[in-house]
Amino acid sequence: MNNIPAYNPQSIENKWQKHWDETHAFEASASHDKPKFYGLVEFPYPSGAGMHVGHIKAYSGLEVVARKRRMEGYNVLFPMGFDSFGLPAENYAIKTNTHKWTQWIFLKLFEHGLVFRAKTLVNYCPHCKVVLSNEDSQGGKCDVCHSDVVQLPKDVWYLRITQYADKLLEGLDTVDYPESIKQQQVTWIGRSTGAFVDFALDGVQEKLEIYTTRPDTLFGVTFMVMAPEHPLLDKYKDRVTNWNQVEDYREQCARKTEFERTQLQKDKTGVKLEGLEAINPVNGKKIPIFIADYVMMGYGTGAIMAVPAHDQRDWEFAKKFGVDIIEVIEGGDIEKEAYTGDGKMVNSEFLNTYDNKKDSIQAMLDFLEKKGIGKKGVQYKMKDWAFNRQRYWGEPIPLIHCPKCGTVGVPYDQLPLTLPDVENFEPGQDGQSPLARIDSFVNCTCPKCGGPARRETDTMPQWAGSSWYFLRFVDPHNDQAFASMDEMKYWMPVDWYNGGMEHVTRHLLYSRFWHRFLYDIGEVNTPEPYAKRSYQGLILGSDGEKMSKSKGNVVDPLDIVSLYGADTLRLYVLFMGDYTAAAPWNDDSVKGCKRFLDRVWRLMEMLTDDEGIRADMAFDVHSCIKKVSEDYEKMKYNTAIAAMMTLVNALYAKGSVSKAELLALVKLLNPVAPHITEEINQLCKLSEGDLMYAAWPKYDEAALVKDTVEVALQVNGKLRGRMDVPADLGRDDANDYFLALDEVKKLIGDKTVRKLIFVPGRLVNIVVG
RNA sequence: GCGGUAGUGGCGGAAUCGGCAGACGCCUCAGACUUAAAAUCUGAUACCCCCUGGGUGUGCGGGUUCAAGUCCCGCCUACCGCACCA
């Protein structure tokens, strides 16, 4: 073909983007007659510093699949977090009125008893006057001003996600997530089974309830430990003779942040309660009680039975405080360290007949239940979801505090509750929300009794909207419901969700929780929101470090687009390595990708009048179709692109390309580099209409079979040459075939052939000796 | 400490079930074209040696096998997640 213009990415890309805008090319069809594909990519955080090459990788990866699906005849929904002006998700939320529905779902949770309020200690910076998350108060210092963080009691709204712990665990068996993601969810939920056991206190009415996963070791209990915050303690103020010491220790602990208590886990500290003892329910022995901060109030009952012989933490504490250590399971050396393995029971009366954990745990559970002093129990590491923030920019919590009626939900017909205009974004006093100082917002009437009442002034966390946004996309303009059941039945679940590894615990758990709740109350049609989840690896700076402004190694995607074009950028981020692995940016490799697109462009100069795929190119073209089709499905974009490079190299070696060959190539490449391939298709009139709707190419199985194939020739496992053999040579005929060949005879010489192994299509190995 | 993932040339990375290690790209070198350069095209490119050949090589040490990057045993290192969870 003559008169090929130069490849000018900028003008081609502008042209096609305009065309796509005008033709609404990416809009999903409203009709439900085709099979659907719903692909979703996690939105970048609006608070983040603009666009980032990592976002390009996240989106273009799944977009390849979405585009392939479209060419395969699917109705494709693939929403984008940025609109055409590059504005983030918040605009989309305002446009589609999603706020009302976030509040609506919250009220449903409230109605179903999944919202509750509790006082708790929070990290607070007296200087900045804000409540800090654990992440923002590392080392007990405020992340912003480095002042000392203090613990402040505060009312917190919680969502009862723990009630859904088992459902969230079970749901994992029904979805296609990578093992590493499932594992993180399981760890985060942290389910353990064990027993609650009551220990009587000597001379006192109350009992001390503990949780243990090792009821089999009850005969080895030599002391008890209570968390310093344990509420039962105050009752024994008069009985404990060293109460001053106890008070001192409790104060010390209160000053420590959660961070210090959990991260600086070196030395065990604690105080013995003098004058108060517990009684081991299985043998009646009196044992001492300590308070120590290695026991957390937030897990189990806030008190433990200590078995120093078989728990390393208890062992360390017992060594330091001189408490007895009694072995009840044989197999370790308890002088050196706690033994946590399995073995024969000793010193345990009726359990001594057992030689393994499983049986002795069961026997002990039976005993405890019969005696009425304990029962089987389950605990989770996952905590209920603290759901309020003291920020202005957040979804208002639609609750009203009425002095007569208590907490009342805002009536549904008054939704959405909107944020008032505010001049002052500074936080309120003592960790209050900025909204608390706006009387016109706070003061209201109770919807129940009509009396004066006050609005809740805290707002919801960012996680709220992201917990259900994907539902809105299937029916964004609906003002009767967040989405109609008809649309959800067609589009849900999300077929494929791609995102970063950093969101696989919280965001994924939270959104699965909301979705499962909506399913349980009949508002959505699937128990799980995402059928499949994948992730992409980070793009590192060219220095191999994580990209950050301070290191000056951030690559702006727009720079790459203006230098080489969007197609090159997409091609590069998908070619740079294993999609799921982190890889450093390399400017030279970007140029290599541009070079490949130049070579594809110049194929037009070699275009012949041949219509079909030529016989001597059939193998190359069809094996490329097979490889690319399969690799896209597995997100192995790097090897798919390598296969296309190989095909282009073969066409260059041949010096010409037929229309059908070029069409096959541009179709395969279209999902990765949509602009250049549309342009080539149009210039060469390869197919009618836009390439993005053309049928995905199919490979011909027969074209993949060759007459002869090259195999490696090995003697005693060492490579000694390569040779072509008939493709249909079978194992049975291999001995006769190979041993008759001169080059084989030469290699064997006068040695005896002991064995001949032939792997068709791969190699022949002759064992001689 | 626990859980997960990984370790392959100068670099990014390939390699279905155990079957030719290093696909593809980058870098580098050589040649062609050019007054010259760029661009482009062609070729070379793991390492070592006594170089028409041979030897060594996939974090380290063992093992299984005709055959090991891949499987088994024992380690080392890096990254990610969780972390005094009883």
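Letters A, B, ... are given to chains in the order of the sequence lines, protein chains preceding strands, and every chain is numbered from 1. All values below were derived from every heavy atom in this structure, side-chain atoms included, with hydrogens, water molecules and symmetry-related copies excluded.
- Atom NZ in A:K381 sits 10.0 Å away from atom NZ in A:K383 (nearest 0.5 Å).
- Remark: P of B:A14 and CE of A:M635 are 15 Å apart, rounded to the nearest angstrom.
- Remark: A:K376 NZ is loosely packed, at most 12 non-hydrogen atoms of other residues, nucleotides or ligands lying under 6.0 Å away.
- B:G7 and B:A30 have their C1' atoms separated by 34 Å, given to the nearest Å.
- Using modelled atom types, one side-chain atom of A:H310 and one backbone atom of A:V328 make a donor-acceptor pair closer than 3.5 Å.
- A:A306 comes within 4.0 angstrom of no nucleic acid atom, judged by non-hydrogen atoms across all strands.
- Taking atom P on both nucleotides, B:G3 is separated from B:A86 by 14 Å, rounded to a whole Å.
- B:G13 takes the anti form, because its glycosidic angle lies more than 90° either side of 0.
- With sequence neighbours left out, A:Y535 forms a ring pair (Phe, Tyr, Trp, His ring centres under 6.0 Å) with no residue at all.
- Backbone-only contact: A:K718 has heavy atoms under 4.0 Å from sugar-phosphate atoms and none from a base.
- Within the nucleic acid shown, A:V767 comes within 4.0 Å of sugar-phosphate atoms alone, with no base atom in reach, counting heavy atoms only.
- Residue-level contact check: A:N765 touches the bases, meaning some heavy atom is under 4.0 Å from a base atom.
- Of the C1' atoms belonging to B:A78 and B:C71, the separation is 24 Å, rounded to the nearest Å.
- Checking B:C41, B:C84, B:G13 against every side-chain atom of A:Y652, the shortest atom distance belongs to B:C41.
- Using a 4.0 Å heavy-atom distance criterion, A:M501 is classed as making no nucleic acid contact.
- Contacts of A:K636 with the nucleic acid, taken as non-hydrogen atoms under 4.0 Å apart, involve only primed sugar atoms and P, OP1 or OP2.
- Taking atom P on both B:G57 and B:C48, the two are 15 Å apart, rounded to the nearest angstrom.
- Using a 4.0 Å heavy-atom criterion, one finds that A:D598 contacts no nucleic acid atom at all.
- Among B:G19, B:G81, B:A86, the nucleotide with an atom closest to any side-chain atom of A:Y299 is B:A86.
- Across the C1' atoms, B:G13 and B:A46 are found 15 Å apart, a figure rounded to whole Å.
- No contact: A:R191 has no heavy atom under 4.0 Å from any strand.
- Under the Watson-Crick or G-U wobble criterion, with both distances below 3.5 Å, B:A36 has no partner in any strand shown.
- Listed pair A:R720 / B:A67 fails the phosphate criterion, with no side-chain N or O lying under 4.0 Å from OP1 or OP2.
- Using N1 to N3 plus N6-O4 or O6-N4 for Watson-Crick, or N1-O2 and O6-N3 for G-U wobble, each under 3.5 Å, B:A78 pairs with B:U5.
- Closest to the side chain of A:A583, from the set B:C24, B:C82, B:G13, is B:G13.
- Set against B:C20, B:G4, B:A15, the side chain of A:E710 has B:C20 as its closest nucleotide.
- With both ends at atom P, the span from B:G22 to B:A15 equals 13 Å, rounded to whole Å.
- Taking the O4'-C1'-N9-C4 or O4'-C1'-N1-C2 dihedral as appropriate, B:C27 has a value more than 90° from 0 and is therefore anti.
- Look at A:R762 and you won't find any side-chain N or O under 4.0 angstrom from OP1 or OP2 of B:G18.
- No engagement by A:Q379 is indicated, since no non-hydrogen atom pair under 4.0 Å with the nucleic acid exists.
- Judged by distance alone with a 3.5 Å cut-off, no donor-acceptor contact links the side chain of A:K381 to the base of B:C82.
- Counting only distance, with no hydrogens or angles, the side chain of A:N553 and the backbone of A:K546 share a donor-acceptor pair below 3.5 Å.
- A:Y497 carries A:R533 over the face of its six-membered ring, with the cationic atom under 6.0 Å from the centre and within 45° of the normal.
- Among the protein residues, A:G300 comes within range of no part of the nucleic acid, since none of its heavy atoms lies under 4.0 Å from any strand.
- Taken from OG in A:S629 to OH in A:Y699, the straight-line distance is 7.5 Å, to the nearest 0.5 Å.
- The nearest whole Å value for the distance from the CD atom in A:Q184 to the P atom in B:G4 is 12 Å.
- Heavy atoms of A:R595 sit under 4.0 angstrom from primed sugar atoms or phosphate atoms, though from no base atom.
- Note on A:N638: a side-chain N or O is less than 4.0 Å away from OP1 or OP2 of B:A14.
- Rounded to whole Å, the C1' atom of B:U65 lies 23 Å from the corresponding atom of B:C75.
- Here B:C80 is in the anti range [glycosidic angle more than 90° from 0].
- Across all strands shown, B:C11 forms a Watson-Crick or G-U wobble pair, both distances under 3.5 Å, with B:G25.
- Once rounded to the nearest 0.5 Å, the distance linking CD of A:E710 with CG of A:L713 reads 11.0 Å.
- Nucleotides B:A21 and B:G12, compared at atom P, are 23 Å apart to the nearest Å.
- Nucleic acid contact class of A:D314 (heavy atoms, under 4.0 Å, all strands): none.
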